[in-house]
Each structure stands twice: as structure tokens, then as C-alpha cells.
Number of protein chains: 2
Amino acid sequence: MSSDPIDTPTKILQATLKLLEAPDAKLPTMSDIARATGISRQAVYLHFPSRTDLLVAATRYQDRLNNIDTGLAPSRGARSGAERLDAFVTAWGNYIPKIYGVARAIMAVTDTDAEAAAAWNTRMQDMREGCSAAIKALAEDGTLPPGTDMEQATDLLWTLLSVRNWENLTQTCGWSQDCYVATIRGMAMATLARDLGALTDVLACTDPPA
Amino acid sequence: MSSDPIDTPTKILQATLKLLEAPDAKLPTMSDIARATGISRQAVYLHFPSRTDLLVAATRYQDRLNNIDTGLAPSRGARSGAERLDAFVTAWGNYIPKIYGVARAIMAVTDTDAEAAAAWNTRMQDMREGCSAAIKALAEDGTLPPGTDMEQATDLLWTLLSVRNWENLTQTCGWSQDCYVATIRGMAMATLARDLGALTDVLACTDPPA
DNA sequence: TAGTTTGCTTGACACTGTGTAAATTGACAT
DNA sequence: ATGTCAATTTACACAGTGTCAAGCAAACTA
């Protein structure tokens with residue numbers, strides 16, 4: 001019951017997130033957002049100079065709401081490299097669904113809007129830091145196969161963990177979140193740590209089909 | 001030196017492909033395409049009722065030009081399941097660069113255009129057939145781990161081979177085509193056939209950086 | 001040779017969506 | 001009451017898609 005009145009920019013961001021996170025979300029127009037906020041379309045431009053700026057601001061706002069760092073704490077506290085990789089994959093994999101609505105919108109305009117592409121890349125670069133740290137931890141353990149290029153290993157983990165792959169498996173193929181996490185984790189462990197044991201029970205999920 | 005004059009629809013398709021395959025390709029407008037073809041914008045509409053239809057037709061035209069099936073022949077002729085998987089991954093992985101320009105355009109409009117999304121999905125479904133066949137071959141060999149859900153295994157291979165993953169690794173991360181194919185093949189073999197040997201030399205590519 | 005069809009052009013227009021500019025309101029301080 | 005300033009609204013400019021109508025020229029057809 002916060003009695004302090006919410007300022008207009010925040011109201012706009014909240015409305016935007018609500019629209020983006022709707023289950024059947026189409027890409028909202030500025031008019032949609034204005035209507036949802038309860039103000040005129042042009043008033044939106046008073047606070048956000050362009051649609052892209054608004055979408056980018058929405059992602060930042062959402063990150064603040066979700067406090068991504070708390071989920072990553074177990075990853076940073078992990079003892080072994082394998083443990084760290086495992087924790088990171090799980091944390092990120094479970095974070096994706098929270099940002100998917102907004103991510104989808106940003107990715108959609110990425111093809112036509114360089115500024116949006118830059119914003120999204122920055123965001124993914126942050127995630128890449130986590131990949132890099134996990135790879136480094138594996139290397140320090142000696143778990144990483146000799147001769148492995150750490151840059152390439154990071155690239156691969158980063159690609160495996162892409163939102164697109166999550167989208168493909170859970171949204172298009174209908175996998176459960178647990179099944180997704182288990183499989184990606186298994187693949188990462190098998191490929192990066194040469195640990196076939198991590199693949200036990202992978203690809204044998206028995207989720208009730210949605 | 002084909003002396004027979006090319007009909008206008010074909011000329012339009014050729015111009016469209018040329019625009020889409022340009023290295024710095026933006027998404028072309030109908031005006032762009034008309035100008036590149038050397039006809040009026042409205043004339044384009046005489047042959048293709050909408051932009052989406054044109055893009056879809058362009059993909060089909062391109063498939064005809066590239067004759068995708070010839071590349072897949074070794075896959076169908078493979079003896080063992082592993083051999084088949086290997087051949088399929090290689091064939092598809094090397095086909096992607098040929099279609100990437102058009103694929104990018106279609107994927108870009110997919111978020112806003114349901115018809116384009118449907119067309120793209122159909123195309124990817126065709127590719128999925130190949131994945132399914134490879135998985136089946138593995139299963140018949142007994143190479144697939146017991147208890148593996150073949151549907152899920154197909155989903156995974158299909159996701160691994162997505163254009164988005166190719167894009168990420170080769171375009172964003174700058175991997176060479178060979179490096180990409182080797183790595184994806186290794187991951188597929190390791191995950192689906194529990195064959196760690198396939199990962200030898202993977203993640204240790206020494207391409208000269210472009 | 002005249003008539004018809006076919007393919008293209010030109011030009012206008014409706015519609016959607018983004019973004020800009022000018023006019024208006026309303027609260028608040030003086 | 002009046003000036004000021006921010007928030008807001010009305011109106012407009014622009015790009016792009018798609019539609020429609022009229023005209024034109026070359027190629028068939030009678």
C-alpha cells in the first residue's frame with residue numbers, strides 16, 4: 001500500500017511490462033502503451049524520446065525489479081568449477097522466463113534498430129561475464145580439457161544459454177522449465193567438462209504435455 | 001547466355017535475393033525491390049500480393065536455386081546412425097550460410113507477421129524431418145542411450161542446428177564455418193550418442209581471426 | 001486493319017505507426 | 001491576479017504498406 005503517488009515514467013514502465021508479459025503478447029505500439037498507462041500517446045514521448053528508449057528502459061526497470069544478482073549468488077559461492085557451472089546454468093536458465101516477454105520485444109526490433117541491438121547486446125554481454133567466470137573456474141580446477149580455448153568455450157556456453165534456445169525448447173517444443181535446465185546443464189557439462197555422467201536422465205523427461 | 005527473356009516475377013525474386021544477400025543488408029522495402037528490379041512499386045504488387053508473400057516466394061526460389069537435396073544425399077546414404085547424424089549436421093551446417101540472408105529477413109518479420117512466421121516454421125519443419133531421421137537411425141543402431149525420448153532428442157538436435165545458433169557463433173562470435181560445424185557435430189554426437197570422442201579437438205580451433 | 005487482351009506505368013488515396021511542434025491546461029509561487 | 005513551468009493534448013509531417021482507377025503500348029486475334 002505505498003501511498004506515495006507513482007510518477008508517470010514509472011507508471012509507463014509498469015504498463016509496458018504488463019503488456020509485454022501478457023501471455024499472448026503482441027508487440028505493443030506507443031498507443032497501446034499510452035492507453036494502458038492511462039495517458040495520451042504523446043505524453044509517453046515526454047518521458048521516453050522513442051519507442052526503443054522505452055523498451056530499453058523497460059528492461060533496466062525489470063532487471064531492477066527482479067534483482068538478477070540474488071539468483072546468481074550460489075554461482076559465485078560455488079567451490080568447484082563444475083559446481084559453479086551448474087549453479088550458473090540453473091540460475092540463468094530460471095531467470096530467462098522472467099525476462100522473456102521484454103526480451104522478445106527487444107529482439108524483435110533488434111533487426112531494424114541499431115540502438116536496440118546495442119542495448120540487447122550489452123545485456124547479453126553481462127550474461128557472458130557469468131559464462132566466462134564459470135569457464136575460468138573450470139579451467140582452474142583442471143576440469144576443462146587440455147588445449148581448450150577459453151574464449152571459444154565461453155562462446156559456446158553463451159550460445160547454449162541464449163534466450164533463443166530457451167524459446168525454441170520451451171515455447172516451440174513445449175519442454176518444461178526443469179527439462180530445459182537439466183538438458184542444457186547436461187550438455188554444458190558433457191561438452192565443457194567431458195562429463196557424460198551429467199547426461200544421465202537427460203532427454204528422458206516425462207512432463208505431462210501441456 | 002540464356003537468350004530467353006526472364007519473366008518479371010523471376011526478375012523480382014532475383015532482385016530481392018540480391019538485396020537480401022548484400023553484406024550490409026537492411027530489410028528492403030517494396031520500393032527498394034521495385035527500384036532494384038527496374039519496375040514500378042505497384043508492378044511488384046501485380047505479381048506478389050504482399051511483402052510477406054514475396055519474402056516467402058524468395059525463400060522457395062532460393063531453395064530451388066541451391067538445390068538443398070543434393071547436399072543431403074550423403075546423409076540419406078549413410079550406413080550407421082552416427083554416420084548419418086554426422087553427414088546431416090555437416091550438410092545442414094554448410095547450407096545455412098547460403099540461406100542466411102533470406103532467413104534473417106524472414107526471421108525479422110516473424111515477430112510481427114503471422115504468415116511469415118508460418119512460412120518460416122514450415123521451412124524449419126522440413127529441416128526437422130532430417131533431424132528426426134537421423135535420430136531414428138541412431139535408435140535403430142542402438143547408439144541412442146536407452147530410455148531416450150526420440151521426440152526430445154529430435155527437439156534438441158533441431159535446436160542445436162538452428163539458424164540462430166549458427167548466427168551467434170559465426171556472425172557474433174566470429175567462428176569459422178569449419179569450427180562451427182565441428183563443434184555442433186561434436187556436441188550432437190556427445191549428447192545424443194554419448195560419444196565423447198567426437199569432441200576431440202573441438203573448442204580448440206585456431207582460425208586466424210577475421 | 002481494327003479490336004482486344006496483357007503487362008506495365010502513373011498518380012492518387014486510405015491506413016497504421018512513429019515522431020515533432022505548437023497550443024493549452026493546471027498547479028504553484030510571488 | 002499574474003507569471004512561470006511542467007504535463008498534457010491537438011494537430012501535423014513522414015515513411016511504409018496496400019488498394020484503386022485510368023492510361024499506354026506491344027502483342028495477339030478477328
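In the text below, chain A, chain B and the rest are named by the order of the sequence lines, each starting its count at 1.
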Length of the [atom1]-[atom2] vector between [X] and [N], whole Å:
{"X": "D7(A)", "N": "dA7(D)", "atom1": "CG", "atom2": "P", "result": "10 Å"}
{"X": "Y45(B)", "N": "dC13(C)", "atom1": "OH", "atom2": "C1'", "result": "14 Å"}
{"X": "R51(A)", "N": "dT16(C)", "atom1": "CZ", "atom2": "P", "result": "17 Å"}
{"X": "M30(B)", "N": "dA15(D)", "atom1": "CE", "atom2": "P", "result": "19 Å"}
{"X": "I6(B)", "N": "dG7(C)", "atom1": "CD1", "atom2": "C1'", "result": "17 Å"}
{"X": "F48(A)", "N": "dG17(C)", "atom1": "CZ", "atom2": "P", "result": "21 Å"}
{"X": "K26(A)", "N": "dT16(C)", "atom1": "NZ", "atom2": "P", "result": "18 Å"}
{"X": "L27(A)", "N": "dT16(C)", "atom1": "CG", "atom2": "P", "result": "18 Å"}

**Test log, rule side-chain hydrogen bond (donor to acceptor under 3.5 Å, both in side chains), inputs T159(B) and N168(A)** = CA-CA 6 Å; T159(B) 301; N168(A) 224 36; 3.2 Å; yes
**Asked** How long is the span from the CZ atom in R164(A) to the CD atom in Q171(A), to the nearest 0.5 Å?
**Response** 12.0 Å
Show me the donor-acceptor pairs, under 3.5 Å and distance only, between side chains in residues 178-189 of chain B and residues at least two apart or in other chains.
unit_1	atom_1	unit_2	atom_2	d
T183(B)	OG1	C179(B)	O	2.9
R185(B)	NH1	D86(B)	OD1	3.4

**Request:** Find out whether L161(B) and M127(B) are in side-chain contact, i.e. whether some heavy atom of one side chain is under 4.5 Å from a heavy atom of the other.
**Result:** yes
**Request:** Select base, sugar-phosphate, or nothing to describe what L46(A) touches, counting heavy atoms under 4.0 Å on all strands.
**Result:** base
**Item:** Sugar-phosphate only, base, or nothing, as touched by S40(B) at under 4.0 Å among non-hydrogen atoms
**Value:** base
Going by atom type alone, with no hydrogens or angles, which donor-acceptor pairs under 3.5 Å involve a side-chain atom of residues 95-102 of chain B and a protein atom two or more places apart or on another chain?
unit_1	atom_1	unit_2	atom_2	d
Y95(B)	OH	D63(B)	OD1	2.8
Y100(B)	OH	E167(B)	OE2	2.5

**Most 5' of T52(B) and A43(A) on DNA chain D, judged by nearest nucleotide** = A43(A)
**Nearest to side-chain heavy atoms of Q42(B), which nucleotide of dA21(C), dT18(C), dG11(C)** = dG11(C)
**Message:** Taking donor-acceptor contacts at under 3.5 Å, does the side chain of R41(B) reach the base of dG16(D)?
**Reply:** no
**Request:** Report yes if at least one side-chain N or O of H47(A) is closer than 4.0 Å to OP1 or OP2 of dA7(D); otherwise report no.
**Result:** no
